[in-house]
Amino acid sequence: MAESTVAEVMDELAALEDPKVRAVNEKHGDGHGVNLTKLRAVAKRLKTQQELAQQLWATGDTAARLLALLICRPKAFERDELDVMLREARTPKVHDWLVNYVVKKNPHAEDLRVAWTADSDPVVASAGWALTTERVAKKPEGLDLSGLLDVIEAEMKDAPDRLQWAMNHCLAQIGIEHAEYRARAIDIGERLRVLEDYPTPPNCTSPFAPIWISEMVRRQSEK
């Protein structure tokens, strides 16, 4: 099959636009109206195309950028390229997919984690915390877990929403994965009460750290 052009792909995405999907997404800050299952089907057909991915990203269109993140080659991006992309990725879904599908698989992930965590932009900093949470779970060697808890204890309560969410996830992950810090993580959560009242659907676990930690530890003990 001949490689698709940006214009062809953009036409295809426009044809998939659903006003109902857009209305739901816009409530969450995501300006696109393409069903994600259908978007993934397009990506599966296109397969990996790094050049097309970069061209789609450059359009600035949210659906096109999500598709770009599915067909790109994560290890092909340079460090500074990813830094620029993150700062451009202002919608939550693009931001999350960029971090989870691309940056985590890139050789510059650790360098970016350190730089982003210290960034003055809270949205950028939230990406650094997301990468830190990944390390807490999968590669904690060399991390100062006690120091991370110190920062969370001092700053999470008053952090902007997305940064607060990312720090809270890190707090929970420390408590879940590291028994020696579990009591302190739960205590921090109980005192700060961040996300205590977050609306949680039935059969889902609350993001309130003490409940989240306790539930995940319980599940692990049952395995």
Side-chain angles (χ1 to χ4, degrees), residues 1-131 133-134 160-163 165-166 169:
M1 186 185 78
E3 289 195 354
S4 300
T5 66
V6 174
E8 289 169 347
V9 175
M10 294 302 291
D11 285 346
E12 186 171 2
L13 292 176
L16 292 173
E17 175 78 19
D18 183 332
K20 292 180 181 178
V21 173
R22 178 173 286 276
V24 171
N25 286 333
E26 286 183 343
K27 289 181 181 178
H28 300 101
D30 289 312
H32 75 94
V34 179
N35 176 284
L36 294 182
T37 300
K38 293 179 179 178
L39 188 79
R40 290 180 187 279
V42 175
K44 187 174 182 180
R45 192 192 76 246
L46 291 173
K47 299 186 171 63
T48 302
Q49 296 190 47
Q50 179 68 7
E51 185 177 352
L52 178 60
Q54 289 173 305
Q55 292 170 345
L56 288 170
W57 182 273
T59 67
D61 178 79
T62 296
R65 285 186 162 181
L66 292 172
L67 181 59
L69 296 172
L70 294 174
I71 67 169
C72 73
R73 190 172 290 109
K75 294 180 180 178
F77 292 101
E78 296 297 330
R79 179 207 182 280
D80 291 348
E81 194 174 6
L82 289 173
D83 185 66
V84 170
M85 289 170 71
L86 186 84
R87 294 172 194 279
E88 292 175 345
R90 305 314 290 184
T91 65
K93 185 68 72 178
V94 173
H95 175 100
D96 290 344
W97 281 23
L98 175 61
V99 173
N100 288 298
Y101 295 172
V102 180
V103 180
K104 285 181 180 179
K105 300 174 184 178
N106 185 275
H108 301 290
E110 178 60 15
D111 183 26
L112 290 168
R113 180 189 75 81
V114 174
W116 287 344
T117 303
D119 201 277
S120 60
D121 182 330
V123 176
V124 174
S126 73
W129 279 94
L131 294 172
T133 301
E134 175 87 349
D161 287 351
R162 285 169 68 182
L163 177 55
W165 186 273
H169 191 180

Query raised in the report: Taking Asn25 for the side chain and His32 for the main chain, is one N or O donor matched with an acceptor at less than 3.5 Å?
Result: yes

Query raised in the report: For Asp11, does the CG atom sit with more than 12 other heavy atoms under 6.0 Å from it, leaving out its own atoms?
Result: yes

Requested in this report: With the side chain counted from C-beta on, respond yes when Trp129 and His169 share a heavy-atom pair under 4.5 Å apart, and no when they do not.
Outcome: no

Query raised in the report: Do other residues, nucleotides or ligands put more than 12 heavy atoms under 6.0 Å from Lys38 NZ?
Result: no

Requested in this report: Let me know which of Asn35, Leu39, Val42 forms a side-chain contact (heavy atoms from CB on, under 4.5 Å) with Leu16.
Outcome: Val42

Query - Charged N-O contact under 4.0 Å between Asp111 and Arg79 - result: yes

Query raised in the report: So, are Arg45 and Glu12 salt-bridged, with charged N and O less than 4.0 Å apart?
Result: yes

Query raised in the report: Would you say the side-chain atoms of Asp121 and Trp116 include a donor-acceptor pair closer than 3.5 Å?
Result: no

Query raised in the report: Would you call Arg87-Asp83 a salt bridge at under 4.0 Å N-O?
Result: yes

Query raised in the report: Salt bridge between Glu88 and Arg65, side-chain N to carboxylate O under 4.0 Å?
Result: yes

Query raised in the report: Does Gln50 use its side chain to pair, donor to acceptor, with the backbone of Arg73 at less than 3.5 Å?
Result: yes

Requested in this report: Kindly say whether Ala14 contributes a backbone atom to a donor-acceptor pair with the side chain of Glu17 at under 3.5 angstrom?
Outcome: no

**Report entry** side chain to side chain contact (heavy atoms under 4.5 Å, CB included) between Thr91 and Val94, worked out
**Finding:** CA-CA 6 Å; Thr91 65; Val94 173; 3.2 Å; yes

Query raised in the report: Is a donor on one side and an acceptor on the other found under 3.5 Å between the side chain of Asn106 and the backbone of Pro74?
Result: yes

Query raised in the report: What do the steps show when you test Tyr101 against Asp96 for side chain to side chain contact (heavy atoms under 4.5 Å, CB included), and what is the final call?
Result: CA-CA 8 Å; Tyr101 295 172; Asp96 290 344; over 6 Å; no

